[in-house]
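Report on the following structure.
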Amino acid sequence: MKKSSPLVLKVGGGEVDDSGFLQALAAAVASMSRPPVIVHGGGKEIGSWLKVLGQEARFHQGLRITDGRAMAVVEMVLSGAVNKRLVGVLVAAGVRALGLSGRDLGLVRARKLEAEVDLGHVGEPEAVQTEVLTRLVGMGMVP
């Protein structure tokens with residue numbers, strides 16, 4: 001019998017700022033018979049922090065141009081503030097949530113996205129270590 005892949009939920013940057021949405025998401029995840037994998041954005045908060053730190057958010061055809069300085073802010077916001085806020089709401093709802101980034105354990109490997117302009121550290125996933133995520137889900141955790 002083939003094992004089924006975990007359900008992957010994508011939470012957009014706008015939703016991670018909405019406490020009502022996060023509470024509803026946490027309740028829905030807590031009621032699921034099998035834990036999902038949650039992937040999240042954080043666009044608005046990244047833009048806000050770039051501004052606070054005196055950096056300009058630049059875009060090309062809807063994609064953020066992410067140079068080295070911007071990448072430091074992106075990681076700080078996504079792996080820190082947004083991820084921990086989401087994990088906190090899930091744990092408060094009784095979900096065994098674990099915050100990870102694509103860098104952790106080399107979970108996601110990406111290749112640079114080619115465009116008319118240099119987008120910096122913007123890429124497309126090339127490989128995902130699904131066995132790690134599958135094991136965590138199998139242990140009842142929500143990565």
Side-chain angles (χ1 to χ4, degrees), residues 3-115 117-143:
K3 272 188 179 177
S4 62
S5 297
L7 173 67
V8 177
L9 301 177
K10 167 63 166 86
V11 180
E15 286 81 19
V16 297
D17 295 333
D18 181 341
S19 62
F21 174 86
L22 292 181
Q23 295 297 324
L25 173 68
V29 170
S31 72
M32 295 174 87
S33 60
R34 185 164 185 238
V37 172
I38 299 177
V39 178
H40 66 81
K44 289 181 187 178
E45 198 157 338
I46 293 167
S48 295
W49 274 103
L50 284 169
K51 189 179 230 178
V52 165
L53 297 170
Q55 297 183 48
E56 179 187 345
R58 298 178 301 139
F59 293 86
H60 174 74
Q61 297 181 344
L63 297 172
R64 183 184 309 278
I65 298 173
T66 309
D67 62 15
R69 288 182 63 209
M71 187 63 187
V73 175
V74 168
E75 286 189 306
M76 174 188 74
V77 171
L78 292 180
S79 296
V82 174
N83 186 272
K84 297 312 167 200
R85 180 169 59 245
L86 182 54
V87 167
V89 170
L90 290 163
V91 168
V95 175
R96 294 181 65 207
L98 174 68
L100 298 170
S101 82
R103 283 192 192 259
D104 295 323
L105 300 171
L107 284 174
V108 179
R109 198 172 59 241
R111 65 179 159 76
K112 185 175 171 111
L113 183 64
E114 298 299 328
V117 300
D118 183 5
L119 297 171
H121 298 279
V122 175
E124 293 181 307
E126 211 171 42
V128 177
Q129 289 199 40
T130 57
E131 68 279 357
V132 172
L133 299 172
T134 302
R135 279 190 168 186
L136 291 170
V137 167
M139 293 171 21
M141 294 183 203
V142 174

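Counting begins at 1 with the first residue of the sequence. Below, each value reflects all heavy atoms present in this structure, side chains not excepted, and no hydrogens, waters or symmetry copies.
Once rounded to the nearest 0.5 Å, the distance linking CD1 of Ile65 with NE2 of His121 reads 13.0 Å. One finds the CG atom of Leu50 at 10.5 Å from the CZ atom of Arg58 (value rounded to the nearest 0.5 Å). A distance of 11.0 Å separates CG in Leu98 from CG in Leu90, rounded to the nearest 0.5 Å. Interatomic distance, Leu119 CG to Phe59 CZ, rounded to the nearest 0.5 Å: 11.5 Å. The distance from atom NE2 of His40 to atom CG of Leu22, rounded to the nearest 0.5 Å, is 10.5 Å.
Within the structure, every pair that satisfies the side-chain hydrogen bond (donor to acceptor under 3.5 Å, both in side chains) test and touches residues 93-106, not counting sequence neighbours, is listed here: Glu75-Arg103.
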Step by step, work out the side chain to side chain contact (heavy atoms under 4.5 Å, CB included) result for Val142 and Val37.
CA-CA 6 Å; Val142 174; Val37 172; over 6 Å; no
Phe21 vs Val11, test: side chain to side chain contact (heavy atoms under 4.5 Å, CB included). Steps then yes/no.
CA-CA 10 Å; Phe21 174 86; Val11 180; 3.7 Å; yes
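Residues Val122 and Arg64 approach most closely at CG2-O, 3.0 Å, considering heavy atoms. Leu78 and Asn83 get closest at one heavy-atom pair: O-CB, 3.0 Å. Annotation for Gly41 and Val82: closest pair O-CG1, 3.5 Å, computed over non-hydrogen atoms. Nearest heavy-atom pair across Arg85 and Val16 is NE-O, 3.2 Å.
For Glu126, the side chain to side chain contact (heavy atoms under 4.5 Å, CB included) criterion is met by Arg109, Arg111, not counting sequence neighbours. For the side chain to side chain contact (heavy atoms under 4.5 Å, CB included) test, residues two or more places apart in sequence or in another chain that qualify with Arg69 are Gln55, Asp67. With sequence neighbours excluded, the residues satisfying side chain to side chain contact (heavy atoms under 4.5 Å, CB included) with Leu7 are Leu9, Met32, Pro36. Every residue two or more places apart in sequence or in another chain that forms a side chain to side chain contact (heavy atoms under 4.5 Å, CB included) with Val132 is listed here: Leu105, Leu107, Gln129, Leu136.
Residues Ser5 and Thr134 have side chains not in contact (no heavy-atom distance under 4.5 Å, counting atoms from C-beta outward).
A salt bridge links Lys112 and Asp118; the closest N-O separation between the charged side-chain nitrogens and carboxylate oxygens is under 4.0 Å.
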For residues 23-30, which side-chain N or O atoms pair as donor and acceptor with protein atoms under 3.5 Å away, sequence neighbours left out?
none

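Remark: Lys51 NZ is loosely packed, at most 12 non-hydrogen atoms of other residues, nucleotides or ligands lying under 6.0 Å away.
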